[in-house]
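Residue numbers start from 1 in every chain, and the chains themselves are labelled A, B, ... in the order their sequence lines are given, proteins ahead of strands.
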2 protein chains.
Amino acid sequence: MVKNLQRYSQLKNPGKGYLIINPIMVGGILPGEAQHKLLDEEWIRTGYAVCFDCLEGRSSLIRKPNVQQFLGDLAEFLGGSVAEHSFGCRAAQFAAMKAVADRLMNNSEKHGNVIVADPLCHYTTNIAAEMVGFKLVTTQAGQPPTYQVGAQGFQNKIDEIKKATGKLPAIIVVTHVDPYYGNLNPVEEVGKIAEEYEIPYLINAAYTAGVMPVDMNAMRADFLTVSAHKSMASIGPLGFLVVNSKWSELAFDASKSVKSVGGRALTTKLPNFFGCSVGAAPLISAMLTFPYVVERVRRWDDELEKTLWFISELEKLDNVKQYGDRPHRHHLVHFETPIFGEISQHHKRRGFFLAEDLEKHGITGIQRGLSKHLKLSVYGLKWDQVKEVRDAFYEIAEEYVSKYHLNYNAPVKSEVPERNGAKS
Amino acid sequence: MVKNLQRYSQLKNPGKGYLIINPIMVGGILPGEAQHKLLDEEWIRTGYAVCFDCLEGRSSLIRKPNVQQFLGDLAEFLGGSVAEHSFGCRAAQFAAMKAVADRLMNNSEKHGNVIVADPLCHYTTNIAAEMVGFKLVTTQAGQPPTYQVGAQGFQNKIDEIKKATGKLPAIIVVTHVDPYYGNLNPVEEVGKIAEEYEIPYLINAAYTAGVMPVDMNAMRADFLTVSAHKSMASIGPLGFLVVNSKWSELAFDASKSVKSVGGRALTTKLPNFFGCSVGAAPLISAMLTFPYVVERVRRWDDELEKTLWFISELEKLDNVKQYGDRPHRHHLVHFETPIFGEISQHHKRRGFFLAEDLEKHGITGIQRGLSKHLKLSVYGLKWDQVKEVRDAFYEIAEEYVSKYHLNYNAPVKSEVPERNGAKS
């Protein structure tokens with residue numbers, strides 16, 4: 001018999017009340033109003049939140065609430081033709097690759113089973129390829145400290161594969177913004193190459209769609225994969241696959257199964273999406289926050305300004321250096337922070353001191369244990385909160401350089417840009 | 001540019017405030033306290049609700065909150081050895097079948113690629129088989145009005161497949177309780193057959209685990225698939241794959257992918273579960289309600305008594321007949337209701353009148369448009385509410401038989417069983 005059951009009803013959230021600077025979380029934070037609506041409107045009363053008026057057996061076809069309309073609006077917002085919700089961006093990548101694989105099975109003369117991806121792709125791209133049976137190869141890694149990936153590498157890799165195997169890759173995948181350095185990849189240029197070689201092209205917009213302007217049409221993408229819990233102010237798990245008009249028929253093949261009882265064909269079910277992707281409360285949360293998301297994407301430049309200001313402030317700390325694109329073009333920022341690495345050599349908590357001390361300042365989201373390199377984001381914070389995060393890093397540095405008698409040039413704080421001074 | 005955005009922030013829940021009698025929903029209703037905790041403890045503030053203290057890159061390994069412990073407790077509760085959360089029962093079925101398929105690829109001498117399932121399996125079993133590339137065949141359908149499925153049919157089908165192909169089926173799948181008639185299938189007997197033939201055996205407990213006692217060990221199952229949003233008082237999408245000790249190593253193969261950058265092997269990631277199944281707010285909701293679920297399973301006999309009483313009351317209506325197991329052994333009940341079918345012939349809303357009139361009585365959950373056959377459940381309702389549902393059906397019948405001058409024998413209401421009379 002299971003013991004200590006009461007522990008579960010007393011579950012505590014270790015992130016409660018903190019400012020969040022974890023780059024995978026910041027784009028997924030729901031406004032307070034949406035959180036309250038999830039409770040007040042009873043969207044979290046039952047597991048099948050959207051299914052009260054399901055008529056066709058697939059949640060993406062429900063009209064009340066109008067999921068069908070929402071998916072159409074979302075596709076339009078992202079420059080695509082048709083959208084389907086999925087169990088996350090990982091499941092959307094799987095569905096797209098599976099659709100491509102299914103097509104190739106019928107016509108394998110031209111395309112092989114190799115997928116070409118950028119070297120900094122998210123691990124879920126590797127996993128989706130593995131699930132579908134594709135062999136993933138990447139273009140050459142960029143050089144430090146920017147680690148920028150070029151478009152030419154894709155052309156070279158395609159030619160190389162064609163030469164070695166006699167076939168083109170099955171699909172090209174580019175991560176719109178990579179999860180390591182927050183670099184904006186050359187998606188338009190790769191799109192031209194994909195078009196020229198007639199290779200299906202997928203852009204993984206997990207970190208971008210919902211926080212910055214994304215137009216898959218301009219990028220010549222066949223597939224766009226989106227993470228709602230990463231960048232659409234939504235509870236998880238939820239993602240979207242958006243496709244262009246060319247793939248709008250091909251990507252959403254109906255099931256070929258027929259139920260033995262009654263001989264019912266499963267014509268509304270999409271096998272690459274498990275038949276129906278349920279949707280549930282996460283889907284509702286994405287619908288509730290869609291107006292907020294559309295509005296914040298319009299304000300992307302303001303958000304980016306906070307990021308750039310924060311980078312310049314943190315780089316005032318001894319030898320701290322931002323890696324990746326300069327000037328930076330995304331809110332995910334990678335820093336080399338030798339000063340905190342040095343402190344960790346003296347601290348009894350080693351590298352863990354930094355995440356723990358930030359928590360004492362009310363800030364969470366640095367990977368525990370890391371101090372020499374950090375990934376963080378101030379996306380969505382107000383200017384005062386961005387300053388608060390800067391101050392926390394400064395104060396932590398000052399406390400320990402004094403305690404451990406380390407060499408240190410005290411940074412001089414800047415004010416936030418004039419026109420933002422009044423913003424809170 | 002997307003128009004009428006404000007519609008999304010004003011989204012209304014068509015199920016708000018209603019008594020729910022939809023069989024797919026009733027086991028997934030969260031107690032009010034758990035709903036409030038999701039908001040108050042900030043579990044629905046961000047998309048990655050469980051990930052504040054993720055150290056190993058997979059949500060099932062997180063210790064704060066203690067997901068790892070929860071999955072162990074859940075496995076124990078269901079008579080299994082190891083549990084992993086998934087994007088729903090459908091994804092758990094896929095993961096199990098994929099694990100079996102992966103094993104077969106290395107040793108295909110004995111087993112072919114056929115899956116034998118009960119004829120009343122859920123459509124997601126067909127879809128999972130389709131995704132994995134298995135050919136699904138079912139045993140013979142049962143005879144009306146019980147539609148019961150026998151164990152012998154499985155042995156016959158296995159022998160037939162062996163004779164025709166020279167190989168055994170890859171896996172046997174039995175739906176613990178079927179979604180059409182709520183019949184309890186002969187899972188123990190099939191378990192003996194599976195053991196004898198050495199065929200992997202999966203029981204789909206989507207409708208049972210979390211509402212009635214389930215012991216996969218006693219049923220000799222290798223795999224148990226569970227739906228949290230269907231029967232574990234949880235928001236969706238969430239499911240679990242539970243395996244016995246034999247499959248505890250085999251079912252959860254790590255990814256074979258290696259990241260090109262840094263050469264990092266994805267050793268904690270499970271490809272059959274998309275690497276990591278995120279968990280998020282649905283997983284937290286299942287943890288919060290786990291004590292409640294364990295407790296209600298202990299009271300299963302009381303719940304069943306309500307179902308049986310309701311069946312006997314509804315059958316007092318002219319020619320209404322419950323299909324499936326008699327006495328019934330599950331809360332999902334299928335009725336033939338010719339009286340409502342007859343009314344629909346006269347009603348301008350045709351079959352839709354019934355769902356719509358029930359809503360006027362504050363009750364939701366009958367499939368819209370259906371009146372001759374109904375599936376419903378009074379699971380989880382208090383006795384007074386069960387009476388309320390009975391009364392609603394009686395009143396709707398009486399209104400229309402009077403209006404349309406139909407033949408009708410007025411039913412005589414029974415009181416609830418003596419010892420339950422005081423319960424509310």
Please rank [options] by heavy-atom pairs under 4.5 Å with chain B and give me the top one.
| options | value |
| --- | --- |
| A/Gly15, A/Ala280, A/Ala129, A/Gly275 | A/Gly15 |
| A/Lys64, A/Arg45, A/Gln93, A/Met287 | A/Arg45 |
| A/Ala141, A/Ala34, A/Cys276, A/Ala355 | A/Cys276 |
| A/Val26, A/Asn4, A/Leu288 | A/Leu288 |
| A/Ile235, A/Leu270, A/Thr125, A/Ile284 | A/Ile235 |

Which value, rounded to the nearest 0.5 Å, describes the distance between [X] atom [atom1] and [Y] atom [atom2]?
| X | Y | atom1 | atom2 | result |
| --- | --- | --- | --- | --- |
| B/Lys157 | B/Gln140 | NZ | CD | 8.0 Å |
| B/Leu5 | B/Gln10 | CG | CD | 11.0 Å |
| A/Ser59 | A/His85 | OG | NE2 | 3.0 Å |
| B/Ser257 | B/Arg264 | OG | CZ | 11.0 Å |
| A/Met232 | A/Leu78 | CE | CG | 6.5 Å |

Is the distance between the ring centroids of B/Tyr18 and A/Phe52 under 6.0 Å?
->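 No - the distance between ring centres of B/Tyr18 and A/Phe52 does not fall below the 6.0 Å cut-off.
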Determine, using ring centers only, whether A/Tyr147 and A/Tyr180 are less than 6.0 Å apart.
->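 Centroid distance A/Tyr180-A/Tyr147: not below 6.0 Å, so no.
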Close side-chain approach of A/Val278 to B/His229, heavy-atom, < 4.5 Å |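 A/Val278 reaches B/His229 side chain to side chain.
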Mutual orientation of the aromatic rings belonging to A/Phe87 and B/Phe87 [parallel < 30°, tilted 30-60°, perpendicular > 60°] =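 Correct class here is parallel.
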Select one option (side chain, backbone, both, neither) describing which atoms of [X] are under 4.5 Å from chain A's heavy atoms.
| X | answer |
| --- | --- |
| B/Ser9 | both |
| B/Lys98 | side chain |
| B/Leu266 | side chain |
| B/Asp40 | backbone |

Can you tell which part of [X] gets under 4.5 Å to a heavy atom of chain B, answering side chain, backbone, both or neither?
| X | answer |
| --- | --- |
| A/Phe94 | side chain |
| A/Lys37 | side chain |
| A/Ile24 | both |
| A/Cys54 | backbone |
| A/Val258 | backbone |
| A/Ala91 | both |
| A/Ser255 | both |
| A/Lys12 | both |
| A/Ser234 | backbone |
| A/Leu38 | side chain |
| A/Glu295 | neither |
| A/Val294 | side chain |

For chain A, the option from [options] that forms the most heavy-atom pairs under 4.5 Å:
| options | value |
| --- | --- |
| B/Leu30, B/Ile20, B/Ile44, B/Leu238 | B/Ile44 |
| B/Asn66, B/Asp53, B/Thr138, B/Thr124 | B/Asp53 |
| B/Ile127, B/Asn13, B/Thr46 | B/Asn13 |
| B/Ala281, B/Pro119, B/Ala228 | B/Pro119 |
| B/Cys121, B/Pro31, B/Ser277 | B/Cys121 |
| B/Leu11, B/Leu55, B/Thr289 | B/Leu11 |

Does a salt bridge link B/Glu130 with A/Lys256, judged by any charged N lying under 4.0 Å from a carboxylate O?
->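 Salt bridge: no.
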So, A/Glu359 and A/Arg368, do they make that salt bridge, N to O below 4.0 Å?
->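 Salt bridge: yes.
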More than 12 heavy atoms of other residues, nucleotides or ligands under 6.0 Å from CD of A/Glu33: is that the case?
->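 No.
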Are more than 12 heavy atoms from other residues, nucleotides or ligands located less than 6.0 Å from atom CD of B/Glu356?
->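 For B/Glu356, atom CD is crowded (more than 12 foreign heavy atoms under 6.0 Å).
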Within 45° cone and under 6.0 Å: B/Lys269 NZ/CZ vs A/Tyr123 ring |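 Judged by the rule (NZ or CZ under 6.0 Å from the ring centre, within 45° of its axis), B/Lys269 counts as positioned above A/Tyr123.
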Could you tell me whether the side chains of A/Arg7 and B/Gln69 share a donor-acceptor contact shorter than 3.5 Å?
->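 Yes - a donor-acceptor pair under 3.5 Å links their side chains.
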Residue pair B/Asp73 / A/Tyr8, side-chain donor-acceptor N/O under 3.5 Å |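 Yes, side-chain donor-acceptor contact under 3.5 Å.
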